[in-house]
Structures are given as structure tokens and as C-alpha cells.
Number of protein chains: 2
Amino acid sequence: MATPDVRAQLLAAATRLFAARGFEGTSLQAIAAAVGIRKPSLLYHFGSKEELRQAVLDDLLARWNQVLPELLMAAAERDRFDGVLDAMTDFFLDDPDRARLLVRETLDRPEDVRDRLERYVRPWVAVALNQLKAAKSEGQVHPRADLAAYVVHLVQLVVGSIAVMDTLVALLPEGDVDRRERLRTELRRMAKAGLFVPRAAAPKQYEVAAE
Amino acid sequence: MATPDVRAQLLAAATRLFAARGFEGTSLQAIAAAVGIRKPSLLYHFGSKEELRQAVLDDLLARWNQVLPELLMAAAERDRFDGVLDAMTDFFLDDPDRARLLVRETLDRPEDVRDRLERYVRPWVAVALNQLKAAKSEGQVHPRADLAAYVVHLVQLVVGSIAVMDTLVALLPEGDVDRRERLRTELRRMAKAGLFVPRAAAPKQYEVAAE
DNA sequence: CCTACCGATCGGTAGG
DNA sequence: CCTACCGATCGGTAGG
């Protein structure tokens, strides 16, 4: 079946192994073996382990940027909120290794990820924020919500919960139909309930209770 | 100042280094050096690197169990909710390495963590759940909330956001007064708004909007 | 708690 | 893309 792009195969294998065992826990030999070549051959494609790491992250963020446009179009307004949240959730559920890789990288190289977030994610957050501000001025959003902080928490909620989803489901009752779907549904609900004022209630009568 | 318990010093150093660089990324030599002893001396206290890993995790969960009682007493009911959430948040903010360690361990050894969660965390979740169910039957909670799934997400939201907090603040506007405090305040608000019905609104008129 | 030492594996290079 | 090989470092042991 021809040579199915060794470089792409290496990237895929590295992504999977880095996500599962971490960067330090993965040897170049293990990645090469997963593709059926020898370690020095891998180093012909990627000059060093560090170079491979960057390539894996670049690849992930490139795929993210492919999805971005459809996210940017629909951002706030109660009805579109579901679409944006679902698209983001789908991206990471589509391959949970993406979430695991991002979380690991954030823990291993906080500064690196911070730089990348500011380049890749912040512009998108800014757009979403503007549309949410509009929704807020229309009284659709909880008046005490801190929109920027909310978006940040929502992103970490989606990425983080998908990264460790297999472990989280263990805290749910056993023998359940589909515990992953249950988590997803509740994430969607609490994300919306945490931001939007219920339709019937007027913003004025809406006041946080305790303290 | 006497010998300040080498074993405890080793545990502290291992916790810090495992949290910062990961288990595979940390050498026994590095841990020993941080305490001012040699590697074989470390191996006298902890028979193997794996044994040290377990001890570090045991230590973390033992400290958690020290805090548990005060959490168990106050669980649901809108007013107590803040106390429980704050106590949990304080525990991890008190030493963010705890959060980072837990997240790393969950990624590295999902099965191990799952077993531990079922022993250490699930009982507590069950108690909190019962009290939340009572609150729900009184109409204080969103009728469509999935309490078990909500609690799971809330735990991951707290642990996950503290684990990567230094990176998350980079997504907030710069020159801000205290971006960490801002994240904490919003986490508290969204956690409550995502669960509790506003006091004035009656449960009946409360209906999720979109879809 | 130390020095001395072990085999295994690591990332990477030489040279083809 | 390979074989052969490098120095460095790894977790762990011997023996005191």
C-alpha cells in the first residue's frame, strides 16, 4: 500500500505515546518501533526529541485552527452557545489524546504553553468575549458573571474533564448506561446554567443568595 | 537544628519535583540532592522509586483525609455549599503541587487513581450527594441537574484549574490586580449558579432555554 | 548514611 | 532508511 507518509505516522504515534506516558516517559525507540522503523531513521525526520515534541504540538494546534472558523462565526447568544461548546467538546472527544497532551504540556512547560495560548487561543477568546458582553448588556447573562474568567474556566473544564474522563466516570454509579454521555450532558447543562439567566426571570430580581 | 526527619524532607522534595517535572522526569539523584543526601541513602528510606511514588500519594491523601471531616459536616444547603467548596479549594491552593500531582498521576496511572478515588473520594461524594438530593427535593437545585455528574465535574474543575492556574491567568487581561483571585471568585460564582436555582424564581417557571 | 559499582537504556552521531 | 557505536544517566545493589 505504498509508503503511507512515515512522517505523519510518526507524528500520530508520538502524539498517542506522549499523551499516554508523557514526554519523558516515552523513548524515541518506542515511537520508532510503533511505526516499524529504527530510532536513527526517526531522527532523520525529526532532528531531535525536542523537535518532535514541537512538531506534535504544532500539529495539534494546526488541527485546532482548522476548526476555529466555525467556532468564530457563532459565539454568544444563548442559542449559539450550544454550538460553540459542542464544537469544542467534539474536537477533544474526537481524540482525547489531544486533551491529555495539552494538559501534560501545560504541566511540563507552562511558559511554552502560555506563549502558544496567547497566540492561538487568546484571539478566539477575545471574539467570544465581545459577543458574550453583548449578550450580557441585553440581560441574558448573570449580572455578576466575570466573563473573561468564566471562559477560561470553561475551556479548562472541557479540556480537563476529557483528559481524565476515563477516571472520572469511576466516581459515577456503576452499571450505568453511558457514563461518558452523562458527563457530557451535565457539562453542557452546568456550563449554560452557570452563565445564562433563565429566560423567565428578569435580571433585576436575580440576586446571588449566600454571602 | 537536630535532624528534621529526613523521611519527611524526602517526601516533600519528591512531591515538589514529581509535581513540577513528573515521575519519569524526576531522578532519584535529584530528589536526594534536594535533601542533601546521596541516592543510595534515599533508597534506604524508600526501597524503590515506585515505593516512593506510592508514599507520596499516600501522604497527599492522608492530608486530604485530615480535612475531610470538616467537609463532611457541612455539605449541601445553599449556605453551606460555599464552605465546602472553599475548604476544598483552600486545600489545593494551600499547595498547588497537590493538584498538579493528582492530575499527573491520573494521566500516568488511571487505574491506580481510580482505585484510590473509589476508596478515598467516593464515600465523601456519596454523602455530599445525599445532602444535595435533599436540597433538590426542596426545589433549591436546578431540576435538570445531574447531581452525581455535577459533583464530579466540580471536583475536576477545582483540581484542574488550580493545577494549571499559572498558565490560565495568561488568558486574562494583563496588568490585572490579582488574576488568581479573579479566577477563584468566578469559579465560586459559576459553581453555585450552575447548581442552584435563584431564590426568587420558582422551580416551575425554570426551564432551560435552547434546544 | 556513605563509596563504589552494576547492567540497561537513554538521546544522539557516524557513515553508509 | 540501516548497522554500529558513543557518552551520559538511569534505578538499584554490595558492602560497609
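Residue numbers start from 1 in every chain, and the chains themselves are labelled A, B, ... in the order their sequence lines are given, proteins ahead of strands. Since we're looking at a predicted model, the values are computed, not measured.
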Interface with DNA chain D, restricted to residues 10-20 of chain A and to heavy atoms under 4.0 Å
none

So what does A:L28 hit on the nucleic acid, given a heavy-atom distance under 4.0 Å: a base, only sugar-phosphate, or nothing?
sugar-phosphate

For the pair B:K136 (side chain) and B:A145 (backbone), establish whether a donor and an acceptor sit closer than 3.5 Å, ignoring hydrogens and angles.
yes

Testing D:dC1, C:dG12, D:dG12 for proximity to the side chain of A:H45, the answer is D:dC1

B:D95: salt bridge (Lys or Arg N to Asp or Glu O under 4.0 Å) partners, not counting sequence neighbours
none

Has A:R179 got a side-chain atom pairing as donor or acceptor with A:L172's backbone, closer than 3.5 angstrom?
yes

Side-chain (B:E186) to main-chain (A:D146) donor-acceptor, under 3.5 angstrom
yes

Considering only distance and modelled atom types, tabulate donor-acceptor pairs under 3.5 Å from the side chains of residues 20-40 of chain A, sequence neighbours left out.
unit_1: A:T26; atom_1: OG1; unit_2: A:L17; atom_2: O; d: 3.2
unit_1: A:T26; atom_1: OG1; unit_2: A:G22; atom_2: O; d: 2.7
unit_1: A:S27; atom_1: OG; unit_2: A:A30; atom_2: N; d: 3.1

Report the relative orientation of the aromatic rings in A:W64 and A:F91; use parallel for angles under 30°, tilted for 30 to 60°, perpendicular for over 60°.
perpendicular

Kindly state which residues belonging to residues 34-41 of chain A come within less than 4.0 angstrom of DNA chain D, counting heavy atoms of the residue only, listed by number.
A:I37, A:R38, A:P40, A:S41

B:D166 meets the side-chain hydrogen bond (donor to acceptor under 3.5 Å, both in side chains) criterion, sequence neighbours left out, with B:R180

Where does DNA chain C form stems of at least three consecutive Watson-Crick or G-U wobble pairs, each pair having both distances below 3.5 Å?
C:1-16 with D:1-16

Check the distance between C:dC10's C1' and A:I31's CD1 and give it to me in whole angstrom.
13 Å

